[in-house]
Amino acid sequence: MLIGETFNVAFRSIRANKLRALLTMLGVIIGVGAVITVVAMGTGAQRNVENQINALGANLITIEPSRSRFGGVESSSTVPMTIDDAVALRRDAAEYIDAMAPEMERRQQVEYGNQNINANVKGTTPEYPEARNTRVEYGRMFTTGDDDSRQRYAVLGANVPDNLGQNPAAMIGQTVTIRQIPFEVIGVMASRGSIGWSNPDDEIYIPLTTARFRVMGNDRLGQISLTLPEGVNRNTALIQFERIMRREHRIRPGEGNNFNLRSPTDYLATAEETSKTFSALLLSIAAVSLVVGGIGIMNIMLVSVTERTKEIGIRKALGATRIVIMSQFLIEALMLCLVGGVIGIGFGVVASNLVSKNLGWSTEISPTAVAVAFGFSALVGLFFGLWPARRAASLDPIQSLRYE
Amino acid sequence: MARGMLDTAERMALLPGDVPRDAVIVTRNLHREYVMGTEVVRALNGVDITIRRNEFVAIMGPSGSGKSTLMNMIGCLDTPSEGEYWLNGHRVSELDDDDLARIRNKEIGFVFQTFNLLPRASALANVELPLVYAGVGGRERRERAETVLKQVGLGERMHHRPNELSGGQRQRVAVARALVNKPSILLADEPTGNLDSATSVEIMDLFETLHREGQTIILVTHEPDIAEHAKRQIILRDGKVASDGLTAEIHA
Ligand SMILES: Nc1ncnc2c1ncn2[C@@H]1O[C@H](COP(=O)(O)OP(=O)(O)OP(=O)(O)O)[C@@H](O)[C@H]1O
Ligand SMILES: [Mg+2]
């Protein structure tokens with residue numbers, strides 16, 4: 001019951017100085033709020049990367065043309081990558097390839113009825129959905145036969161029907177024109193979400209051969225996507241692909257590659273590491289502000305002890321022991337920190353929501369972060385309340401009673 | 001606190017042989033020195049007094065003679081630099097801070113010149129405070145505080161804060177607070193120092209009533225007519241007892 005009374009005293013003392021208590025708590029509020037927000041942003045960023053890795057498929061490898069380097073000098077033009085490269089890879093490294101999709105792409109005017117959009121049109125093979133870890137949602141993908149016979153078939157990205165003012169199911173069998181050439185829509189892809197800068201849901205897919213001879217008029221590839229079969233060593237496969245590509249491009253030993261062999265998930269894993277480091281940095285700054293908030297609490301508690309010297313003297317004269325006086329001030333500091341912590345958590349949740357709404361940055365409030373921030377603010381209260389509380393407890397009763 | 005294990009009779013048996021069995025306060029050669037830089041102030045310079053149960057004693061003397069210092073010593077707010085002090089057989093010089101706090105809570109009721117009430121708490125809450133530290137439960141605490149407040153004539157004013165009460169009423173709250181835990185002695189350091197003469201008389205009448213009911217009272221005062229209410233008067237001079245006699249005999 002003494003504890004209950006001690007709580008009461010602490011509570012009343014905070015209530016008697018509401019504004020001061022609020023200002024004191026501000027440090028803790030900002031600290032806890034910052035911790036929650038930063039962790040939510042970090043968790044959200046990591047979740048984003050994980051989703052992207054899942055969207056790409058963990059086994060994806062891409063090959064793109066690039067500028068070659070020769071003795072540290074970058075050559076001025078890129079050497080094109082062609083359909084022949086894809087054919088050579090398929091032929092000479094078949095055991096390292098599960099699905100392969102050469103891509104040739106260009107932005108084109110696309111018309112449907114009176115709608116007119118500018119879309120990225122990709123010529124590719126029927127293996128594209130498998131290679132890029134996606135599927136056709138409505139209708140079907142074009143076949144090898146369609147490709148060989150240069151059919152004017154189109155498969156739309158998930159957003160394209162909407163961009164053209166039509167619902168996906170109703171688009172099947174409709175005709176769109178690409179560069180004035182009529183194409184029959186035979187399928188609509190499942191939604192994949194944006195990956196990095198590009199959004200595949202806005203793209204349109206046509207057979208590679210059709211693209212080569214009817215739309216683009218050349219055999220240059222923008223990219224080759226391929227997936228490794230289960231159980232194949234990634235490094236061995238990459239060495240094979242590099243060897244074949246160098247042979248096809250007639251690159252002499254010692255000369256740099258004029259293509260890029262990439263494993264996007266490796267890249268994303270690096271991005272994840274970077275985002276983790278960045279979050280840790282922000283978190284430590286937020287933690288520092290929490291400690292600064294704790295020092296603010298200590299400051300106010302010291303002021304409070306001085307202000308209430310006479311009260312402490314009276315309580316001691318009436319029989320309050322050291323531990324009673326100490327717990328009175330410790331509980332007061334703890335309450336300030338915990339109330340500040342709760343407000344800070346609310347503040348952090350609101351701030352996280354604002355960040356994800358206004359900055360389009362996905363955030364995720366982690367219960368662990370909330371618990372840790374709360375526990376940490378309690379610890380701050382205990383730690384920074386201890387010294388003022390001890391000072392109060394060791395005051396001499398006679399001196400305190402005389403204090404005006 | 002080995003001696004705390006003994007009961008009062010056993011503790012009293014350990015006192016010097018010339019001490020009466022009903023002595024509440026016994027001091028022997030009590031000294032208290034304050035060191036101010038290079039100067040040593042001897043506030044108490046060998047005080048021997050014995051006060052028995054249900055005595056009503058006034059301590060008088062010029063300013064600076066050590067009256068307050070002696071009261072603080074008796075009230076266990078301070079410990080002697082030299083000499084012995086037994087309170088109900090407890091040898092106070094042996095006790096640590098927390099033991100002293102418990103003794104103050106159980107054995108002593110203080111009334112101060114400046115009232116020393118908690119300004120933000122009601123009269124009732126102020127009176128309950130010693131019971132809080134004694135570990136008395138909420139309901140009993142309230143009942144006992146109400147009873148004592150009625151006893152000092154403040155039954156109507158229990159929920160007022162000190163700043164809503166007159167000086168005399170505040171001092172009554174202070175007296176109620178001093179009495180609520182049934183202390184063996186009531187100590188009052190110039191309890192009427194901040195009151196006008198009519199109010200002073202009221203407070204002294206209250207003290208006389210308490211004394212008649214069996215309360216041991218020690219009171220410090222400057223004013224001879226206040227001291228007249230006490231049955232015994234001790235006069236201090238330069239930290240020593242200059243005279244000690246019954247009020248009735250002084251007048252004889
Ligand atoms: N804390 C202290 N530090 C230094 N000297 C002190 C202290 N308390 C008391 N004294 C000195 O001790 C002496 C006795 O003081 P005390 O307060 O006991 O006097 P008093 O008899 O109560 O006087 P008054 O009638 O003015 O209240 C004085 O000389 C005083 O200056
Ligand atoms: Mg005095």
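In what follows, chains carry the letters A, B, and so on, assigned in the order in which the sequence lines appear, proteins first and then strands, with residues in each chain numbered from 1. Quick note: numbers below take in every heavy atom, side chains included, and nothing from hydrogens, waters or symmetry partners.
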Revision key, fill the gap. Comparing Ala317(A), Ser13(A), Pro397(A) against chain B, the one with the most heavy-atom pairs below 4.5 Å turns out to be Ala317(A)
Check your understanding: Under 3.5 Å, side chain of Gln171(B) to main-chain N/O of Phe112(B), donor-acceptor pair present?
Key -> yes
**Study point:** Side chain, backbone, both or neither of Leu117(B) within contact of chain A (heavy atoms, under 4.5 Å)
**Key:** backbone
I'd like a table of donor-acceptor pairs (distance under 3.5 Å, sequence neighbours excluded) in which one partner is a side-chain atom from residues 282-297 of chain A, with atom names and distances.
unit_1, atom_1, unit_2, atom_2, d
Ser284(A), OG, Ala280(A), O, 3.4
Ser284(A), OG, Leu281(A), O, 2.6
Ser289(A), OG, Ala286(A), O, 2.7

Practice item. Mind checking side-chain contact (heavy atoms from CB on, under 4.5 Å) for Gln399(A) and listing every partner two or more places apart, or none if nothing turns up? Key: Asp396(A)
Review point. So which residues of residues 66-83 of chain B are in contact with chain A at a heavy-atom cut-off of under 4.5 Å?
Key: Asn72(B), Leu77(B), Asp78(B)
Practice item. Take Asn29(B) and Glu84(B) through the test side chain to side chain donor-acceptor pair (under 3.5 Å) and record every step on the way to the result. Key: CA-CA 7 Å; Asn29(B) 195 29; Glu84(B) 298 289 349; over 6 Å; no
Review point. Given side chains that start at C-beta, do those of Pro388(A) and Met298(A) come closer than 4.5 Å, heavy atoms only?
Key: yes
Point to revise | Region of Arg315(A) in contact with chain B, defined by heavy-atom distances below 4.5 Å | key: both
**Study point:** Donor-acceptor under 3.5 Å (Asn105(B) side chain, Pro130(B) main chain)
**Key:** yes
Check your understanding: How would you list all residue pairs meeting ring pair (Phe, Tyr, Trp, His ring centres under 6.0 Å) that involve residues 376-402 of chain A, not counting sequence neighbours?
Key -> none
